[in-house]
Amino acid sequence: MAGICLADIARDNQIEVPVDLRRDKGWVGQLIESELGALAGSKPEQDFLHLGVELKTIPIDHNGKPLETTYVTVAPLTNIQGMTWENSLVYHKLQRVLWVPVEGERSIPVGQRRIGTPILWQPNRDQARQLQQDWEEIMELIALGKVDKISARHGEVLQLRPKAANSKALTESIAEDGSIQLSNPRGFYLKINFTQQILANAFS
DNA sequence: AAGTGATCATAG
DNA sequence: CTATGATCACTT
């Protein structure tokens, strides 16, 4: 697919190209899933379970730098006692990722955006350590009932941010006194500097 | 311009 | 609502 533009992939899959992504934010990802035959659908599993590979498209600028953070998974806000890094959803999803860079600048019409060279990545020792450290720190705050005090500034490479239809959506979380309260759902995201390093390392 | 918080579509 | 796919858009 490298070098091909999205309109070509869309035509092959009989999918229409939207004018912009405001109402089609997951369009590029789903287009590539369709092209590659990913099977997970909306299940919380790796896209290619049989290969142990997660597929992620990543929007880049003309210098190859990511334009956005990368969503990983929803964050569990209750029933997290006994949960460890090794059995977390973040750990499993990031075991192996096929990154598919796609031009993402809004000045380029969606259909004309080109696909870059895909990168099959596994976290190296340092990356794994950074991810685990951030995950454990964030999960501890959640366990202590401080989810509503966590901002996207926490974490060096992994951050916690809202992941919901809007700011009014509610889900159960742990309160500071240990009881159940309602909070805006959150998700884990990889910060731009981290994914930028992944892409850079692949070409060095 | 970067970074954080908010949001959009869809399936089950 | 939860989970998938993410990008938008406002604030700093």
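Chain letters run A, B, ... following the sequence lines, proteins first and then strands; every chain starts at 1. Only heavy atoms go into these numbers, but all of them, side chains included; no hydrogens, no water, no symmetry mates.
Contact annotation: A:Arg153 side-chain N/O to B:dG5 OP1/OP2 distance is under 4.0 Å. For C:dT4, one of the phosphate oxygens OP1 or OP2 lies less than 4.0 angstrom from a side-chain nitrogen or oxygen of A:Lys93. Dashed line: the shortest gap from a side-chain N or O of A:Ser167 to OP1 or OP2 of B:dG5 is not under 4.0 Å. One finds no side-chain N or O of A:Tyr71 lying less than 4.0 angstrom from the OP1 or OP2 phosphate oxygen of C:dG5. Look at A:Thr171 and you'll find a side-chain N or O under 4.0 angstrom from OP1 or OP2 of C:dT2.
In this structure, of C:dG5, C:dT4, C:dA6, it is C:dG5 that holds the atom nearest to the side chain of A:Glu33. Side chain of A:Thr69, nearest nucleotide from C:dT2, B:dT7, B:dT4: B:dT4. Listed nucleotides: B:dT4, C:dT2, C:dC8. Nearest to the side chain of A:Arg106: C:dC8. With distances taken from any side-chain atom of A:Arg22 to the nucleotides C:dT7, C:dA9, B:dT4, the minimum falls on C:dA9. For A:Lys56, counting side-chain heavy atoms from C-beta on, the closest listed nucleotide (C:dA6, B:dC8, B:dG5) is C:dA6. Considering only the side chain of A:Ala152, B:dT4 comes nearest among B:dA9, B:dT4, B:dT7.
For A:Lys65 and A:Leu160, each mapped to the nucleotide of DNA chain B holding its nearest heavy atom, the one lying further toward the 5' end belongs to A:Lys65. The 5' end of DNA chain C is approached more closely, in terms of each residue's nearest nucleotide, by A:Thr73 than by the other of A:Thr73 and A:Gly104. Each of A:Pro162 and A:Ala75 was matched to the nucleotide of DNA chain C holding its nearest heavy atom; the match closer to the 5' end belongs to A:Ala75. Both A:Ile192 and A:Gly26 sit near DNA chain B, but only A:Ile192 has its closest nucleotide nearer the 5' end.
With hydrogens and angles left out, the side-chain atoms of A:Asn184 and A:Ser167 include no donor and acceptor closer than 3.5 Å. Between the side chains of A:Arg161 and A:Thr69, at least one donor-acceptor pair of N or O atoms lies under 3.5 Å. A:Glu172 and A:Thr78 are not linked by any side-chain donor-acceptor pair at a separation below 3.5 angstrom, with hydrogens and angles left out of the test. A donor-acceptor contact closer than 3.5 angstrom is absent between the side chains of A:Glu137 and A:Gln133.
A:Met139 has its side chain within reach of A:Phe188: a pair of non-hydrogen atoms, C-beta onward, lies under 4.5 Å apart. For the pair A:Ile80 and A:Ile142, the minimum side-chain heavy-atom distance is below 4.5 Å.
Contact annotation: side chain of A:Lys163 to base of C:dT4, donor-acceptor pair present below 3.5 Å.
Rounded to a whole Å, the NZ atom of A:Lys191 is 8 Å from the P atom of B:dG3. Whole-Å rounding puts the A:Ile32 CD1 to C:dT4 P distance at 19 Å. Protein atom CD of A:Glu68 is 12 Å distant from nucleotide atom P of B:dG3, rounded to whole Å. Spacing between atom CG of A:Leu55 and atom C1' of C:dG5 amounts to 10 Å, rounded to whole angstrom units. Atom CD of A:Gln30 is separated from atom C1' of C:dA3 by 12 Å (rounded to the nearest Å). If you measure from atom CG of A:Asp24 to atom C1' of B:dA11, you get 16 Å, rounded to the nearest angstrom. The distance between atom CG of A:Leu89 and atom C1' of C:dT2, rounded to the nearest whole Å, is 12 Å. A:Arg186 places its CZ atom 13 Å from the P atom of B:dT7, with the value rounded to the nearest Å.
No option in A:Leu31, A:Ile108, A:Ile15, A:Val17 other than A:Leu31 meets the side chain to side chain contact (heavy atoms under 4.5 Å, CB included) test with A:Leu6.
At the heavy-atom level, A:Thr70 lies nowhere under 4.0 Å from the strands shown. Using a 4.0 Å heavy-atom criterion, one finds that A:Arg161 contacts the bases of the nucleic acid, with or without backbone contacts as well. Nucleic acid contact class of A:Leu67 (heavy atoms, under 4.0 Å, all strands): none.
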